[in-house]
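Report on the following structure.
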Protein chains: 2
Amino acid sequence: MSLKHALLGFLNYGSMSGYDLKQCFDQSIQHFWSANLSQIYPTLSQLEEEGLLTMEVAYQEDRPNRKVYHITEAGRAELRRWLREPMETPPQRQPFLVKVFFGGNIAKEDLLAQLRCQLSLHKEQVSAYQGPVRKVLQQYIEATGLAQEGLFWGLTLEAGIKQKKAWIEWLEEAIVKIESLDMPVTKD
Amino acid sequence: MSLKHALLGFLNYGSMSGYDLKQCFDQSIQHFWSANLSQIYPTLSQLEEEGLLTMEVAYQEDRPNRKVYHITEAGRAELRRWLREPMETPPQRQPFLVKVFFGGNIAKEDLLAQLRCQLSLHKEQVSAYQGPVRKVLQQYIEATGLAQEGLFWGLTLEAGIKQKKAWIEWLEEAIVKIESLDMPVTKD
DNA sequence: TAGGTCATGTAATAGGTTACATGATTGC
DNA sequence: GCAATCATGTAACCTATTACATGACCTA
């Protein structure tokens, strides 16, 4: 499970609570991975049981107490083991392509509306990646002073941007092709 | 759920058994969707209960009997409803990028090995898409005589190829960047 | 005779989402 | 007064994967 290893990865930078980890996810890897608190908390307990983390309660006044997790040597070893482990390319499910595949069942204009909607969403996202997301990553690099890792973080963003751009290109071409198509208009 | 609607989509071309549907999946949409028989069978029963399909047993000698499913008017309506329904872009989880993000924890050569492995896998897949997968799709178009839908099917293949090519480009660039990097070699 | 095709399923497990629950403090 | 932030969780549900079960026929 990548979630486990992402948690180990962040905790290897420094000890944190589940709540903190959620912020880390949202601020630095949300463009290719996300997790809910309701998934993070039980997973942390599990990692503790497995001896990959230890937990310590930080008592606070005025605020709820925090459970601060620390990575163990076994945790570090497991992280490195996983990072080196070979992997295949997991099949990417694309529900949108299911719609295109069966697009002959609806009117041309309805299909085009779908494609145009996806196009604008992907354009928004790529703008976000190139603007705010990149900015937050940059701040993250400066805050941690991890220049070396900053390069890897940047690479993951580049990957996201490339993917989005490929979608945009394809959508634009698909729209043109479908527009110039003779298709029955009456489908209800 | 896209699986349900993919099943409806195929059954709208013609009545089939679960086993047949599995072949349809493997022959025409496996590059963006896949399903196991153990998932298809219960889903078909569910669709029948919902009144979107009807079932008829085809008795056979020498072979196990087949359960042939037919789409109903309600099923067709549901398919069209779903096809027109607006959707966002589902977040794509990329476990490989998690590895890159935390790549600073392993030796440069180990990371490069991972990138090169992914590169060769994606290259293999894009070749398959441009060769055998395209061929099978072409045969499917000829067999069904559905030229109009053939265009949509082709578009989904193009999308897959674009995605793969984007990955390949990114991997090649990433490899070059990481190769020219000064990194501590000793990580165990 | 061993493995593949045809044809159906169930059960267990894993991974993720959504809803629900609690409760104090801070800012508008 | 109301929403957001901080901080933790549980429970139900959905989707998908893997393993298991059956059994006949066909091909190498």
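Predicted model only: the values in this text are computed from it and were never measured. Letters go in sequence order (proteins before strands), and every chain restarts at 1.
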Interatomic distance where CD belongs to Gln23(B) and P belongs to dA7(C) [whole Å]: 9 Å
Result for 5'-nearest mapping on DNA chain C, choosing between Arg63(A) and Lys4(A), is Lys4(A)
Could you tell me whether the phosphate oxygens of dT17(C), OP1 or OP2, come under 4.0 Å of any side-chain nitrogen or oxygen in Gln39(A)? yes
Quick one: is dT8(C) close enough that its OP1 or OP2 comes under 4.0 Å of any side-chain N or O from Ser17(B)? yes
Which is true for Asp62(B) with a 4.0 Å heavy-atom rule: it touches a base, it touches only sugar-phosphate, or it touches nothing? sugar-phosphate
Think Gln60(A) has a side-chain N or O under 4.0 angstrom from the OP1 or OP2 of dA7(D)? yes
Lys22(B) atom NZ: more than 12 heavy-atom contacts under 6.0 Å: yes
So, is Arg93(A) near the phosphate of dG16(C), with a side-chain N or O under 4.0 Å from OP1 or OP2? no
Closer than 4.0 Å, any side-chain N/O of Asn36(B) to the OP1 or OP2 of dT17(D)? yes
Counting only side-chain heavy atoms from C-beta out, which of dC6(C), dA16(D), dG16(C) sits nearest to Met1(A)? dG16(C)
Would you say Lys22(A) reaches dA7(D)'s phosphate, i.e. side-chain N/O to OP1/OP2 under 4.0 Å? no
Does dG9(D) have its OP1 or OP2 closer than 4.0 Å to a side-chain nitrogen or oxygen of Arg66(A)? no
So, is Tyr41(A) close to the dT8(D) phosphate, meaning a side-chain N or O under 4.0 Å from OP1 or OP2? yes
Quick one: list whatever passes side chain to side chain donor-acceptor pair (under 3.5 Å) with Asn12(B), sequence neighbours left out. Asn105(A), Arg76(B)
The nucleotide from dT17(C), dT10(D), dA7(D) with an atom nearest the side chain of Pro64(A) is dA7(D)
Pairwise 5' ranking along DNA chain C for Asp20(B) and Ser2(A), keeping only the more 5' one: Asp20(B)
In the structure I gave you, are the side-chain heavy atoms of Leu52(B) and Lys4(B) within less than 4.5 Å of one another anywhere? no
Is there, by distance only and without an angle test, a donor paired with an acceptor across the side chain of Ser38(B) and the base of dT17(D) below 3.5 Å? no
So, Phe102(A) versus Phe152(B), ring centres under 6.0 angstrom or not? no
Backbone N or O of Glu179(A) within a donor-acceptor pair of the Lys108(A) side chain at under 3.5 Å? yes
